[in-house]
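Reviewing the structure listed below.
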Amino acid sequence: MPELPEVETTRRGLLPLAAGRHIKQVVIRDPRLRWPVPATLPARVRGHRIETLTRRGKYLLFDLDDASSLIVHLGMSGSLRAVRAAEPPAAHEAFDLCLDSGWCLRMRDPRRFGALLWAADARAHPLLAHLGPEPLGGALAGDLLYEASRRRTVAVRDFLIDSHVIAGIGNIYANEALFTAGIDPRRAAGRIGRTRYRRLSYAVIRVLEDAIAQGGTTLRDFAGGDGRPGHFQMALRVYGRAGEPCPGCGAPVMRQTLSGRSCFFCRHCQR
DNA sequence: CATAGCACCTGAGGGC
DNA sequence: TGCCCTCAGGTGCTAT
């Protein structure tokens with residue numbers, strides 16, 4: 001479910017509640033996530049102060065006062081929202097991070113692809129250490145994508161959603177950025193020139209920033225930390241719009257499966 | 001090392 | 001209404 005804009009929306013929604021609060025307790029209702037939630041985790045973090053809430057790619061990091069972090073990943077179907085401690089848990093609500101303020105940050109994750117982990121040094125954790133650069137915040141330049149793509153034969157859509165190349169881009173925003181940049185998502189990454197990668201990097205930044213400004217994309221039931229859905233789905237131009245007219249030329253948007261995942265594009269506007 | 005395919009799960013939606 | 005099928009926003013692991 002969540003890509004970078006949805007994770008960032010969650011982060012911004014929860015930051016005011018989390019920063020500076022102490023963790024009263026962590027309640028694990030269902031440890032069966034992507035990796036089992038360590039049984040020792042609640043005791044390890046209880047009583048610690050949350051210094052801040054940051055994001056790396058699609059990972060949320062609750063940075064604690066001893067320099068350790070709680071790592072949360074929302075997987076495909078996860079959402080994290082604030083509820084009052086007395087709120088009875090519903091189905092698929094795997095855990096609560098209960099704060100000393102009476103608020104609980106409650107994870108709902110029906111498919112259980114999400115994660116809750118603890119690390120003494122989150123940035124050095126194996127899951128995070130090899131992530132590519134952040135697309136926002138100035139690190140992304142077209143030249144970076146160009147250099148990284150040399151001799152790569154994978155489709156550029158697959159190249160873009162590879163978190164080891166660049167962090168945070170998923171299927172929705174890869175498709176949208178490629179449309180904006182006028183690049184055929186099926187084209188081999190290594191056969192795209194420097195100029196077009198510059199255009200693509202601008203498109204990635206623009207699409208992600210626009211989506212964040214809209215509170216992310218709500219396809220089914222995504223909600224930010226404040227429980228409100230995003231609205232970027234209204235602004236999607238090709239994703240999920242097979243058969244609808246291309247906003248550029250009016251020809252029907254095409255859908256094709258690429259590496260097992262749907263790809264949407266306009267065969268005239270994207271080359 | 002790069003690539004392709006599989007695996008992990010549940011729920012929604014469409015066709016009949 | 002119910003059954004069966006397909007599909008879904010992620011990503012690590014394995015075999016080649």
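Each chain gets a letter, A, B and so on, in the order its sequence line appears, and its residues count up from 1.
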Original post:
Using a cut-off of 4.0 Å on non-hydrogen atoms, how would the nucleic acid contact of A:H130 be classed: base, sugar-phosphate, or nothing?
Top reply: nothing
**OP:** Find the partner of B:dC16: check Watson-Crick (N1-N3 plus N6-O4 or O6-N4) and G-U wobble (N1-O2, O6-N3) distances, both under 3.5 Å, and reply none if neither fits.
**Re:** C:dG2
**OP:** Can you figure out which of B:dT10, C:dG10, B:dT3 approaches the side chain of A:R261 most closely?
**Re:** C:dG10
**OP:** Kindly point out which of C:dG12, B:dG11, B:dC9 is positioned nearest to the side chain of A:L127?
**Re:** C:dG12
**OP:** Taking atom types as modelled, find out whether A:T54 and A:R123 have a side-chain donor-acceptor pair closer than 3.5 angstrom.
**Re:** yes
Original post:
A:M254 and A:V238: same hydrophobic cluster, using ILVMFWY side-chain contacts below 4.5 Å?
Top reply: no
Subject >> Short side-chain N/O contact from A:H92 to OP1 or OP2 of B:dG11, under 4.0 Å >> reply: yes
Subject >> Phosphate-side-chain proximity, A:S262 and C:dC7, N/O vs OP1/OP2 below 4.0 Å >> reply: no
Original post:
Which whole-number value in Å describes the distance from A:L258 CG to B:dT3 P?
Top reply: 13 Å
**OP:** State whether A:S77 places a side-chain N or O below 4.0 Å from either non-bridging phosphate oxygen (OP1 or OP2) of C:dG10.
**Re:** no
Original post:
Under 4.0 angstrom, heavy atoms only, what part of the nucleic acid is A:Y59 near: base, sugar-phosphate, or nothing?
Top reply: sugar-phosphate
Original post:
Between A:T180 and A:R237, do the side chains contain an N or O donor and an N or O acceptor separated by less than 3.5 Å?
Top reply: yes
Original post:
Quick one: does A:R152 reach the base of B:dA2 with a side-chain donor-acceptor pair under 3.5 Å?
Top reply: no
Original post:
Among B:dT3, C:dA8, C:dG12, which is the nearest nucleotide to the side chain of A:Y239?
Top reply: C:dA8
Subject >> Pairwise P distance for C:dT14 and B:dC9, with rounding to whole Å >> reply: 16 Å
Subject >> Side chain of A:W35 (C-beta onward), nearest among B:dA4, B:dT10, C:dG12 >> reply: C:dG12
Subject >> cation_pi(A:R150, A:Y146) dist<6.0 Å, angle<=45 >> reply: yes
Subject >> Spacing of A:I161 atom CD1 relative to B:dT3 atom P, expressed in whole Å >> reply: 13 Å
Original post:
Can you tell me how far P of C:dG10 sits from CG of A:L128, to the nearest Å?
Top reply: 16 Å
**OP:** Specify the separation, in whole Å, of atom CG of A:L117 and atom P of C:dG10.
**Re:** 18 Å
**OP:** Check the distance between C:dA8's P and A:E3's CD and give it to me in whole angstrom.
**Re:** 13 Å
Subject >> base_contact_polar (B:dC9 base, A:R112 side chain, donor-acceptor, <3.5 Å) >> reply: no
Subject >> Nearest-Å distance for atom pair CZ/P, residues A:R150 and B:dT3 >> reply: 12 Å
Original post:
If you check every side-chain atom of A:T153, which of C:dA8, C:dG10, B:dT3 has the closest atom?
Top reply: B:dT3
Subject >> Residue-phosphate contact under 4.0 Å: A:R151 side-chain N/O, B:dA2 OP1/OP2 >> reply: no
Original post:
Is there a path of hydrophobic side-chain contacts, each under 4.5 Å between heavy atoms of I, L, V, M, F, W or Y residues, that connects A:V165 with A:I183?
Top reply: yes
Original post:
If we require ring centres under 5.5 Å and near-parallel planes under 30°, does A:F113 stack on C:dT11?
Top reply: no
Subject >> Atom-to-atom span, CZ of A:R191 to P of B:dA2 - whole angstrom >> reply: 19 Å
**OP:** Grab the CG-P distance between A:D109 and B:dC8 for me, whole Å please.
**Re:** 17 Å
**OP:** Establish, with yes or no, whether the OP1 or OP2 oxygen of C:dG10 is under 4.0 angstrom from a side-chain nitrogen or oxygen of A:H73.
**Re:** no
Original post:
Would you say the side chains of A:Y173 and A:T217 form a donor-acceptor pair under 3.5 Å?
Top reply: yes
Original post:
Taking the P atom of each, how far is C:dT6 from B:dC6, in whole Å?
Top reply: 15 Å
Original post:
How would you list, by chain and number, every residue that makes a side chain to side chain contact (heavy atoms under 4.5 Å, CB included) with A:P252, sequence neighbours excluded?
Top reply: none
Original post:
Given C:dG12, B:dC9, C:dA8, which nucleotide is nearest the side-chain atoms of A:R34?
Top reply: C:dG12
